[in-house]
*Asks:* 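Mind looking over this structure? Questions follow.
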Amino acid sequence: MFFCRAMSQIAENIQKIRERISSAATASGRNQDDIKLVAVSKIKPAALVREAFVAGQRAFGENYAQELRDKAEELADLGIEWHFIGHLQKNKAKYVAPVAKLVETVDSTELADALNRRAEKPIDCLIEINVGGELSKSGTDEGNFIEVARHIEALPNLNLRGLMTIPPYDMDPEKSRPHFRKLRELLAKMNEELKPDAPYAELSMGMSHDFEVAIEEGATIVRVGTAIFGER
Ligand SMILES: *Cc1c(COP(=O)(O)O)cnc(C)c1O
């Protein structure tokens, strides 16, 4: 007789999320390989990030500059793909630029300049758009994101990849749908106006409570925290 070692709770959660991503992709005629799961580990200890990595998770999202710097150092042996997903102040770009693969929350030309200056190698980035127009949220508005995009295109150390948003929170995921759809339209608009050699393709949208709706609306990156690591 032999015993299977029980799967860790985090490994089990990740597997469940991957299954849900796969179902949502299939239901909307998409390939699950075109959707990247970012495990949002803010406030959670590095040991849990390591546990998720052992379970096969490779991309992690952090919201606070110094916390990202510290975790990246502590977990440097793993080769994690770090995404910065929080509001970033210019003077903290120095903590993020050396370790982030993707900065998802560029929302001004000044922040783009700071990241460009601090980059040790090219950094991918997304422009964060405040689709809901909420005063309490960061992000550029629809009126000037094209200008921010043009600015980023001229910076040697930043590679623009697409757009990111956090819609107004509502328990009902259907309430997020129009905002996700809006972000997809804005990505199309950006491609029409800027005519890049290769179209900008990334849409980072969807969290624990609404990532399936986001996938139906074209998300290529979903950011899931609570459903993997538990309540914060
Ligand atoms: C915290 C956070 C998430 C994850 O939210 P959950 O509801 O815990 O899945 C995703 N994106 C951003 C920008 C966040 O700040």
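What you see below is based on every heavy atom in this structure, not just the backbone, and it leaves out hydrogens, waters and symmetry mates. We count ligands from 1, going down the list as the structure has it; atoms in each ligand are counted the same way.
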*Asks:* Using a distance-only test with no angle check, is there a side-chain donor-acceptor pair under 3.5 angstrom linking Asn13 and Gln9?
*Replies:*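 There is such a pair between these side chains.
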
*Asks:* When you measure from the side chain of Asn157 to the backbone N and O of Pro122, does any donor-acceptor pair fall under 3.5 Å?
*Replies:*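 No, because the side chain of Asn157 does not come within donor-acceptor range (under 3.5 Å) of the backbone of Pro122.
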
*Asks:* Where does His209 meet ligand 1, judged by heavy-atom distances below 4.0 Å: at the side chain, the backbone, both, or neither?
*Replies:*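 For His209, there is no contact with ligand 1 at all, from either part.
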
*Asks:* Check each atom of ligand 1 against the heavy atoms of Val224 and keep those under 4.0 Å away; list them by number with element.
*Replies:*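 Reading through ligand 1 atom by atom, the close ones are 9 (O).
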
*Asks:* Under a 4.5 Å cut-off applied to non-hydrogen side-chain atoms, are Ile35 and Leu37 in contact?
*Replies:*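 They are not in contact (no side-chain heavy atoms under 4.5 Å apart), so the answer is no.
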
*Asks:* Consider only side-chain N and O atoms of His151 and Asp113, and report whether a donor and an acceptor are under 3.5 Å apart.
*Replies:*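 Yes, Asp113 and His151 have a side-chain donor paired with an acceptor closer than 3.5 Å.
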
*Asks:* Compute both the distance and the angle, then confirm whether Arg58 meets the cation-pi test with Phe53: under 6.0 Å from the six-membered ring centre, within 45 degrees of the axis.
*Replies:*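 Judged by the rule (NZ or CZ under 6.0 Å from the ring centre, within 45° of its axis), Arg58 counts as positioned above Phe53.
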
*Asks:* Check ligand 1 against Asn63 and write out every atom of the ligand that is under 4.0 Å from a heavy-atom position of the residue.
*Replies:*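 Counting from 1, the qualifying ligand atoms are 14 (C), 15 (O).
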
*Asks:* What is the nearest protein non-hydrogen atom to atom 9 (O) of ligand 1, stated with its residue, atom name and distance?
*Replies:*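 Its nearest protein heavy-atom neighbour is Ser208 OG, 2.5 Å.
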
*Asks:* With a 4.0 Å heavy-atom cut-off (strictly under), which part of Ile85 contacts ligand 1: side chain, backbone, both or neither?
*Replies:*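 Both backbone and side chain of Ile85 come within 4.0 Å of ligand 1.
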
*Asks:* Who's the nearest protein heavy-atom neighbour of atom 11 (N) of ligand 1, and how far?
*Replies:*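 Going atom by atom, the protein heavy atom closest to atom 11 (N) of ligand 1 ends up being Arg223 NE, 2.8 Å.
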
*Asks:* Give me the nearest non-hydrogen protein atom to atom 2 (C) of ligand 1 as residue plus atom name, then the distance to 0.1 Å.
*Replies:*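 The protein heavy atom lying closest is Lys42 NZ, 2.5 Å.
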
*Asks:* Taking atom types as modelled, find out whether His83 and Glu81 have a side-chain donor-acceptor pair closer than 3.5 angstrom.
*Replies:*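 Yes, a side-chain donor-acceptor pair sits under 3.5 Å.
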
*Asks:* Applying the side chain to side chain donor-acceptor pair (under 3.5 Å) test to Thr220, which of Lys36, Arg30, Glu202, Arg161 qualifies?
*Replies:*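 Of the listed options, the one satisfying the test is Glu202.
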
*Asks:* Ignoring hydrogens, just give me the one of Thr226, Ile228, Asp210 whose non-hydrogen atom is nearest atom 7 (O) of ligand 1.
*Replies:*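 Considering heavy atoms of Thr226, Ile228, Asp210, the nearest to atom 7 (O) of ligand 1 sits in Thr226.
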
*Asks:* Tell me, which protein residue and heavy-atom name are nearest atom 5 (O) of ligand 1, and how many Å apart are they?
*Replies:*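 Residue, atom and distance for the closest contact: Met207 CE, 3.5 Å.
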
*Asks:* Fit a plane to each ring of Phe60 and Phe229, take the angle between them on a 0 to 90° scale, and name the class: parallel (under 30°), tilted (30 to 60°) or perpendicular (over 60°).
*Replies:*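 Plane angle between 30° and 60°, so tilted.
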
*Asks:* Hey, does the side chain of Thr140 reach the backbone of Glu128 with a donor-acceptor pair shorter than 3.5 angstrom?
*Replies:*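 A pair under 3.5 Å: yes.
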
*Asks:* Using a 4.0 Å heavy-atom cut-off, say whether Glu231 meets ligand 1 through its side chain, its backbone, both or neither.
*Replies:*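 Neither; no heavy atom under 4.0 Å.
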
*Asks:* Please classify the Thr105 to ligand 1 contact at 4.0 Å (heavy-atom distances, strictly less than): side chain, backbone, both or neither.
*Replies:*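 Neither; no heavy atom under 4.0 Å.
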
*Asks:* Is it true that Met164 lies under 4.0 Å from ligand 1, counting heavy atoms only?
*Replies:*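 Met164 counts as a contact of ligand 1 under the 4.0 Å cut-off.
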
*Asks:* Heavy atoms only, cut-off 4.0 Å: how does Arg232 contact ligand 1, side chain, backbone, both, or neither?
*Replies:*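 Near ligand 1, Arg232 shows its side chain, while the N, CA, C and O stay back.
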
*Asks:* Could you name the option among Ala39, Gly225, Ala227 that has the heavy atom nearest to atom 4 (C) of ligand 1?
*Replies:*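 Minimum heavy-atom distance to atom 4 (C) of ligand 1 goes to Gly225.
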
